[in-house]
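Nothing fancy with the numbering, it's 1 onward along the sequence.
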Amino acid sequence: MGILHVNHIQKKLRETYTGKIDISDARNDNERENFFLTRAFAAYSLQCLGNIEPINATESIVDGFNDNGIDLILFDKKKKILWIIQSKWIKNGTSQPDNGEVLKFCEGIKDIIELKFENFNEKVKLKENEVIEALEDPYVKIKIVLAYTGNDFLSIHNKRALDDLLEALNDPSELAYLEIFNLGIAHKSLIGILGGQPINTDLILTNWGKTEEPYQSFYGIISGGDLANLWSENRFKLLSENIRDFIGFTEVNEEIFNTIQTEPKNFFYYNNGLTALCRKITKKPVGGGDRNTGIFYIEDFKIVNGAQTVGTLGNVLENNKHNLDDVKVFIKIISLENCPDGFGVSVTRCTNTQNKIERRDFVSLDPENERIKTELSLEGINYHYIRSDEQITPDDKNFYVDEIITALACEYSEVDYTVIAKREIGKLWENIEKKPYIDLINSKLSAIKIIRCIAIFREINKILKEKELRSTGRLKSHYIHSNRFVLHMVFQIINKEIINDPLYDFNSFKTKFLPNIAVEIIEKTHNIVEEIYQSSLIHQLYRNLKKCKEIKKKFVQ
């Protein structure tokens, strides 16, 4: 890799981004050249890694004076990924960013997470609402990208700086992932993602079978390692026909990852497998008619169902998190060679809509929810516990199971469930026959308790939102991320009859006393945090069980 490869990339950047990059802050020709290439390369890295359209990538550029090492910020709402990128254009293709620049980038990311936007230029400040929206979503992951046209390997100092950043961001749970987009990866992407060439590949299937009528297809078991390599080599191009791209580490994908990590040999039995389309399949003569192992040449290969499985396997491979030798995946590959027009679209649509079940859907199997629905309906409230495409804004007449379980988790006497509600809410309903679910939803749960818990839950959220809108920086971050802990402490301090006794004057309590109680707890929580955890990232603090226990302990001293 060297100057020739840099020139290839430069040519692609000029073809793709000329006229689309703002370089109006450049003071001379040298700056105009450097600003264009640096910013275009940041956009290019996002286009390749995130499958983002060039126009959307360029609109996300924040590079400029006082950017604190951050050149691009984008929140991909569909995939639930917050992208933060530093770009460095290296003309000779043989070096890497200075350690000072990488350290500045790391500190800039911490400032972004802490919402210290006063430390940035206007371009970054315009991203504040976008960043806040991302950080408020419990399923969002942060992709940190160091993009540079240089050496494949980072120096010890640069690696240490980035490792230290990840350690800080990923305590107590994995929030951030690092992508190195160097010259080798960038040049490889010229032929792959941006080249538009189809994926033609050999696949090894074991225990394979086939159908010939009415349309040809082959099915069998494929190695998880082979799928991960396909992802690494082709990334989002592999999923170009899929209704959903790989959406990052959501509740479902974390389950896939956990199976890979803890029960790789059972992956085949737990996972639904993949559906793929291709233009043509040719079985190679190796192995003859033996169905134990077959090698197939696949032309224009695309996965149309199973994006989350493939994306998770690819991410595991790229981050060297686990050996994939024991992971086996069922795959069905349909040849479109003799199919009618539109058949591939039909397969894509149906495989992504039929029999689609999410973990939360199992809540509907609990008979207690039907009882609760009946009791709430007598109070004039619609209880939505079965997932539907129809989305009604939660109000006094409409309750959703997510907010009910969250409120009840925070009302629970121990802070453990509060932290789960903040960090990984899906764990609360992971198994409707075991704790924590049965501690929250059970035969003793009354409609009056639900109604009052929801009322307090929404009031606390309203008060915190008002404070958030009037604040900045770390204080603003505190008001955003302390919501579940503050709610927990409110429930612990108030008398239990307030939420359990039907004769108690709850409306009077809610209007006259609750706001003052909430404000006092909010401020006391903030003071304790700044006393004992002033160097901790607020976003992760309230997801840390040990730290939340310490804050609660200080509260009652």
- Message: Restricting to salt bridge (charged side-chain N to carboxylate O under 4.0 Å, His left out), what partner residues turn up for R484, sequence neighbours left out?
- Response: none

- Query: Given the side-chain rings of H384 and Y400, with only the six-membered ring counted for Trp, is the space between their centroids under 6.0 Å?
  - Reply: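 Yes; Y400 has its ring centre under 6.0 Å from that of H384.
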
- Item | Aromatic ring proximity, centroids under 6.0 angstrom, F399 and Y385 | no

Give a yes or no on whether [X] atom [atom1] has more than 12 heavy-atom contacts from other residues, nucleotides or ligands under 6.0 Å away.
X	atom1	answer
I156	CD1	no
E59	CD	yes
K125	NZ	yes

- Does K547 count as lying over the ring of Y533, i.e. NZ or CZ under 6.0 Å from the six-ring centre, within 45 degrees of the axis?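 The answer is yes, since K547 meets both limits relative to Y533.
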
- Message: Could you tell me if K524 sits above the aromatic ring of F555, with its cationic atom closer than 6.0 Å to the ring centre and no more than 45 degrees from the axis?
- Response: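 Yes, K524 sits over the ring of F555.
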
- Just do the salt bridge (Lys or Arg N to Asp or Glu O under 4.0 Å) check on K462 and E459 with the steps written out, would you? CA-CA 5 Å; K462 186 183 81 171; E459 182 66 19; 3.7 Å; yes

- Message: If the condition is ring pair (Phe, Tyr, Trp, His ring centres under 6.0 Å), which residues does Y417 pass it with, not counting sequence neighbours?
- Response: Y412

- Item | Shortest non-hydrogen contact from G314 toward W231 |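 Closest approach of G314 to W231: CA-CD1, 3.2 Å.
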
Using 4.0 Å as the upper bound for N to carboxylate O, is an ion pair formed by [Y] and [X]?
X	Y	result
D163	K159	yes
K373	E368	no
K127	E130	yes
E411	K496	yes
R543	E424	no

- Query: Under a 4.5 Å cut-off applied to non-hydrogen side-chain atoms, are D111 and I70 in contact?
  - Reply: no

